[in-house]
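Excluded from the calculations below are hydrogen atoms, water molecules and symmetry mates; all remaining heavy atoms, backbone and side chain alike, are included. Chain identifiers are assigned alphabetically (A, B, ...) following the order of the sequence lines, protein sequences preceding nucleic acid strands; residue numbering begins at 1 within each chain.
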Protein chains: 2
Amino acid sequence: MDAGWDYERFKAFTCADDDDIDTFRRLAGPTIGLKRGEILRMQGAPDPQVYILLSGWVACSIIVGESARQIVKVHLPGDLVGMPSLAAPTACDTIEAVSAAKLGVIETAAIGQVFSSNPRLAALLFLVSQQERVVLMERLASIGRTSAASRIAALILELRTRLRRNDPTIENVVPVPLTQEDIGDMTGLTPVYVNRTLRQLRTSGIATWRRGVITIDDRDALAVLAALPQSPERDTSWIPSRRG
Amino acid sequence: MDAGWDYERFKAFTCADDDDIDTFRRLAGPTIGLKRGEILRMQGAPDPQVYILLSGWVACSIIVGESARQIVKVHLPGDLVGMPSLAAPTACDTIEAVSAAKLGVIETAAIGQVFSSNPRLAALLFLVSQQERVVLMERLASIGRTSAASRIAALILELRTRLRRNDPTIENVVPVPLTQEDIGDMTGLTPVYVNRTLRQLRTSGIATWRRGVITIDDRDALAVLAALPQSPERDTSWIPSRRG
DNA sequence: CGACTTCTTGAGGAGACTCAAGGGTGGTGG
DNA sequence: CCACCACCCTTGAGTCTCCTCAAGAAGTCG
């Protein structure tokens with residue numbers, strides 16, 4: 001744990017080993033602290049940077065029209081934040097702290113260095129991006145083609161799965177610092193309707209989401225409701241080995 | 001043009017130069033031909049491969065529940081197809097030909113080789129993935145937060161922009177081999193409502209979509225309706241140079 | 001020319017939204 | 001320690017966008 005960065009989390013996320021971690025750690029620059037609700041950078045800001053989330057949660061969102069907001073990703077500790085804007089002159093999304101958070105800045109040039117000097121780590125970064133694409137694709141399918149209850153069920157299961165990578169002891173009680181408005185912005189619903197849908201999940205004995213804590217009462221029913229495949233593990237055999 | 005692969009298209013797409021192209025060309029294996037409607041591989045199929053689209057259009061979709069389909073990406077010639085499933089033991093999406101199409105197979109191991117032997121090209125592949133993420137994020141915002149008319153407007157503009165990379169002479173007449181059902185599966189709408197929305201766009205003098213051809217009548221109005229930022233160009237200064 | 005897919009339009013219904021008001025909860029300052 | 005304030009949650013009533021079901025027309029391919 002250097003400057004609070006949860007390396008174990010990052011290792012699990014990328015299948016990186018200790019040497020990879022060492023290499024990567026050297027990339028992280030100064031640390032930034034954010035209070036809940038604080039904005040790290042706005043969509044459209046010039047010269048976007050890449051960050052690594054050390055602690056807390058941040059949300060990346062896109063503003064549509066005058067006021068509508070769509071959260072495209074909530075990041076948990078260990079996540080790389082801001083990669084999609086890597087090659088853009090201006091940021092394509094807004095990064096905002098959902099809870100108090102700390103981030104390390106990663107110079108864009110350092111990413112290029114990884115590709116030159118550490119092909120294995122570069123491939124791991126590439127792989128992480130593919131996984132992020134899959135998550136986005138599944139969220140797209142969820143929002144485009146399912147009911148409010150299904151979208152929220154899928155969200156609950158996604159958060160549970162991701163949090164379990166950090167903390168394998170998590171089972172049916174999942175701490176989540178999102179407001180109902182945040183949930184709406186993630187699922188494409190209004191806060192009012194999120195509230196009604198949560199009540200429906202609660203009264204039907206499937207899940208209870210209250211005061212920042214989800215309690216899953218019937219995981220099978222939740223999975224059926226979500227209607228999305230639970231992705232299995234990854235195959236990393238194609239990644240270059242360290243010596244070769 | 002080797003085996004019909006539009007290298008110029010790929011070069012424009014990735015900012016790759018001739019040497020990069022040469023390297024990449026060696027990766028492409030056997031060519032596969034598909035008729036319209038034919039499925040290359042189903043979601044859940046084991047050992048997914050990566051392809052390069054040589055000609056025609058293919059769609060990647062996710063099945064939700066019993067019958068609902070969400071198209072997460074339509075690919076144009078030059079695109080890399082199937083990357084998101086790269087590290088998964090089973091394919092996360094179904095690849096289907098929207099029009100007659102040809103694809104080259106790319107061995108998974110060859111991708112790893114690129115990372116070992118050609119960091120510059122690896123970085124370009126990485127960059128392309130980030131761009132794909134941005135496109136997904138914007139589609140997510142569109143579907144999650146805008147009306148049917150806005151979604152279709154955004155789709156029209158996205159297709160126009162991408163096709164113009166292939167053929168810069170395209171202005172207001174855009175050839176698009178998608179059925180109204182396909183449009184619905186891309187935008188999260190039913191085919192019936194797509195039809196009504198297209199009529200609405202037509203009668204309000206914004207755009208006409210008929211028989212595989214979009215005619216844009218008022219591009220400014222279309223952009224306002226789409227309500228999404230038109231992304232500017234990329235900054236690739238961080239990519240490793242060939243010698244260095 | 002015939003079979004099939006795709007498009008078009010109508011009528012009715014439901015899921016999600018908007019507007020509005022009241023009740024909790026936690027944080028801050030006196 | 002209490003009171004106030006801001007934020008968030010909760011619920012009701014009414015509306016509208018979009019969906020479902022259905023049938024026929026138009027286009028396309030063999």
Side-chain angles (χ1 to χ4, degrees), chain A residues 35-38 59 64-70 96-100 142-153 155 175-204 207-215 225 227, chain B residues 35-38 59 64-70 96-100 142-153 155 176-204 207-214 225 227:
Chain A
K35 279 178 270 188
R36 172 184 157 71
E38 228 173 328
V64 182
E66 288 312 300
S67 59
R69 179 176 80 141
Q70 175 69 47
E96 180 182 349
V98 164
S99 68
S142 181
I143 292 182
R145 288 302 187 199
T146 75
S147 67
S150 293
R151 295 181 207 178
I152 291 180
L155 176 62
V176 173
L178 299 170
T179 67
Q180 291 183 0
E181 186 173 3
D182 293 331
I183 301 169
D185 287 343
M186 296 187 74
T187 54
L189 300 168
T190 58
V192 174
Y193 204 69
V194 167
N195 184 285
R196 286 188 223 280
T197 308
L198 288 181
R199 181 176 46 166
Q200 183 189 322
L201 288 178
R202 194 189 320 136
T203 57
S204 55
T208 309
W209 190 327
R210 260 185 175 151
R211 290 174 218 183
V213 177
I214 307 170
T215 306
L225 191 56
Chain B
K35 279 178 272 188
R36 172 183 156 71
E38 228 173 327
V64 182
E66 289 311 301
S67 58
R69 181 176 78 140
Q70 175 69 46
E96 180 182 350
V98 164
S99 67
S142 181
I143 292 182
R145 288 302 186 198
T146 74
S147 68
S150 293
R151 295 182 208 176
I152 291 180
L155 176 62
V176 172
L178 299 169
T179 67
Q180 291 183 359
E181 186 173 3
D182 293 331
I183 300 169
D185 287 342
M186 295 187 73
T187 53
L189 300 167
T190 57
V192 174
Y193 205 69
V194 168
N195 184 284
R196 286 187 224 279
T197 308
L198 288 180
R199 180 177 45 166
Q200 185 189 320
L201 289 179
R202 193 189 322 136
T203 57
S204 54
T208 309
W209 190 328
R210 260 185 175 151
R211 292 173 218 185
V213 177
I214 307 170
L225 191 56

B:Arg196 vs D:dT20: side-chain N/O to OP1/OP2 distance below 4.0 Å:
no
Could you state the atom-to-atom distance from NZ of B:Lys35 to P of D:dC29 in whole Å?
14 Å
Touch check for B:Gly188, heavy atoms < 4.0 angstrom, all strands: base, sugar-phosphate only, or nothing?
sugar-phosphate
Counting side-chain heavy atoms from CB outward, which of C:dG15, C:dA20, D:dC8 is closest to A:Arg36?
D:dC8
Please check the phosphate of D:dT17 (OP1 and OP2 only) for any side-chain N or O of B:Ser147 closer than 4.0 Å.
no
Donor-acceptor pair present, B:Arg210 side chain and D:dG27 base, under 3.5 Å:
no
Nearest-angstrom distance from the residue atom CG of A:Leu198 to P of D:dT10:
8 Å
Over how many whole Å does the gap from B:Tyr193 atom OH to D:dC16 atom P extend?
13 Å
Choosing from C:dT8, C:dC17, D:dT20, which nucleotide comes nearest the side chain of B:Gln180?
C:dT8
Side chain of B:Val192 only, please: which of C:dA16, D:dA22, C:dT6 is the nearest?
D:dA22
Whole-Å gap separating P (D:dT10) and CG (A:Leu201)
13 Å
For the pair made of CG in A:Leu178 and P in D:dC9, what is the distance, rounded to whole Å?
10 Å
So, does B:Thr179 get its side chain near the phosphate of C:dT6, meaning an N or O under 4.0 Å from OP1 or OP2?
no
Does A:Gly212 reach a base, just sugar-phosphate, or nothing at all? Heavy atoms under 4.0 Å.
nothing
Report yes or no: does A:Arg145 contribute a side-chain atom to a donor-acceptor pair with the main-chain N or O of B:Val64 at less than 3.5 Å?
no
For B:Asp185 and D:dC18, give me the distance from atom CG to atom P, rounded to whole Å.
17 Å
For B:Trp209 and B:Val176 the tightest heavy-atom approach is CZ2-CG1, 3.6 Å
Rounded to whole Å, the CZ-C1' distance (A:Arg145 to D:dT20) equals 13 Å
Measure CD1/A:Ile143 against C1'/D:dC18 and give the value in whole Å, please.
17 Å
May I ask you to decide if A:Val98's main-chain N or O and A:Arg36's side chain share a donor-acceptor pair within less than 3.5 Å?
yes
The residue, A:Arg211 or B:Gly144, whose nearest nucleotide of DNA chain C is more 5′ is B:Gly144
Any side-chain N or O of B:Asn195 less than 4.0 Å from the OP1 or OP2 oxygen of C:dC7?
no
Run the numbers on B:Arg69 and B:Asp182 for side chain to side chain contact (heavy atoms under 4.5 Å, CB included), then give the verdict.
CA-CA 9 Å; B:Arg69 181 176 78 140; B:Asp182 293 331; 3.0 Å; yes
N/O donor-acceptor pair under 3.5 Å between B:Gln70 side chain and B:Met186 backbone
yes
Verify the contact: side-chain N or O of A:Arg199 to OP1 or OP2 of D:dT10, cut-off strictly under 4.0 Å; return yes or no.
no
